[in-house]
Amino acid sequence: IISNIELLLNYSLRYYERQFNTRTRQNKDIIVQFEKQLKGYFQTKKHLESGLPSVQYFADKAHLSTHYFSDLLKKETGNTPKNHINSYVVEQAKNLIVKTERSISEIAYELGFNYPHYFSRLFKAKTGYTPIEYRNLNFSTRS
């Protein structure tokens, strides 16, 4: 019985993984939609009222489970949805840090973070610099 259950689970796993290979066109459409929705989320200032977007939010928009959505993005792009969201936020932050004189806390709140120290940690993890170091580095190159 155990070997039959194991065989059934192996077949199920192979079928699940094969979906990502046989539906590449549909998967690309989902990824394009995700990227549009991510940009739209920030352009419509939804992050100011709801905070940073969650993977669940985008999975619901795509009418997929969170787990399937995450697997699809990971398989197609090599990155998790959370990593995509964080990368997008950090790119927005870089622009604000360099182009404005606002404090780092103001920028963090503007991007939807509830706690500025979380923003600073994420920024340092993605860029290797704290937001202040990044501002100083880019300020010195502008002068």
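Computed from a prediction, not measured in an experiment: that's the story for all the values here.
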Exercise for review: Would you indicate whether Leu48, at its atom CG, is surrounded by more than 12 heavy atoms from other residues, nucleotides or ligands within a distance under 6.0 Å?
Suggested key: yes

Review point. Would you say the side-chain atoms of Tyr129 and Asn136 include a donor-acceptor pair closer than 3.5 Å?
Key: no

Review point. Given side chains that start at C-beta, do those of Lys94 and Thr127 come closer than 4.5 Å, heavy atoms only?
Key: yes

Review point. Are Tyr109 and Leu111 joined in one hydrophobic group, where the rule is that I, L, V, M, F, W and Y side chains link up if heavy atoms are under 4.5 Å apart?
Key: no

Solution key, residues 115-124 side-chain donor-acceptor pairs under 3.5 Å, sequence neighbours excluded:
| from | atom 1 | to | atom 2 | distance (Å) |
| --- | --- | --- | --- | --- |
| Ser120 | OG | Pro116 | O | 3.3 |

Exercise for review: Side-chain contact test, heavy atoms from C-beta onward, threshold under 4.5 Å: evaluate it for Leu64 versus Phe58 and give yes or no.
Suggested key: no

Exercise for review: For residues His84 and Thr77, report the shortest heavy-atom separation together with the two atoms involved.
Suggested key: NE2-OG1, 3.1 Å

**Study point:** Electrostatic pair Glu17:Arg14 at N-O distance under 4.0 angstrom
**Key:** no

Check your understanding: Transitive ILVMFWY cluster of Tyr11 at side-chain heavy atoms under 4.5 Å: who else is in it?
Key -> Leu7

Practice item. Go through the side-chain N and O atoms of Asp60 and Gln56 and say whether any donor and acceptor fall under 3.5 Å apart. Key: yes

Practice item. For residues Glu106 and Leu96, determine if any side-chain heavy atom of one lies less than 4.5 Å from a side-chain heavy atom of the other. Key: no

Please tabulate, one pair per line, all N/O donor-acceptor pairs under 3.5 Å involving side-chain atoms of residues 35-47, not counting sequence neighbours.
| from | atom 1 | to | atom 2 | distance (Å) |
| --- | --- | --- | --- | --- |
| Tyr41 | OH | Gly51 | O | 2.9 |
| Thr44 | OG1 | Gly40 | O | 2.8 |
| Thr44 | OG1 | Tyr41 | O | 3.4 |
| His47 | NE2 | Glu110 | O | 2.8 |

Revision key, fill the gap. Separation between OG (Ser70) and NZ (Lys82), nearest 0.5 Å, reads 11.0 Å

Practice item. Using a cut-off of 6.0 Å, state whether more than 12 heavy atoms not belonging to Lys126 lie near its atom NZ. Key: yes

Practice item. State, with a plain yes or no, whether a side-chain heavy atom of Thr80 is found less than 4.5 Å away from one of Asn83. Key: yes

Check your understanding: Can you find a heavy atom in the side chain of Leu72 that is under 4.5 Å from one in the side chain of Ile30?
Key -> yes

Check your understanding: Does the side chain of Val98 come within less than 4.5 Å of Tyr134's, by heavy atoms?
Key -> yes

Point to revise | Side-chain (Arg18) to main-chain (Leu13) donor-acceptor, under 3.5 angstrom | key: no

Review point. Between the main-chain N or O of Ile97 and the side-chain N or O of Arg135, is there a donor-acceptor pair closer than 3.5 Å?
Key: yes

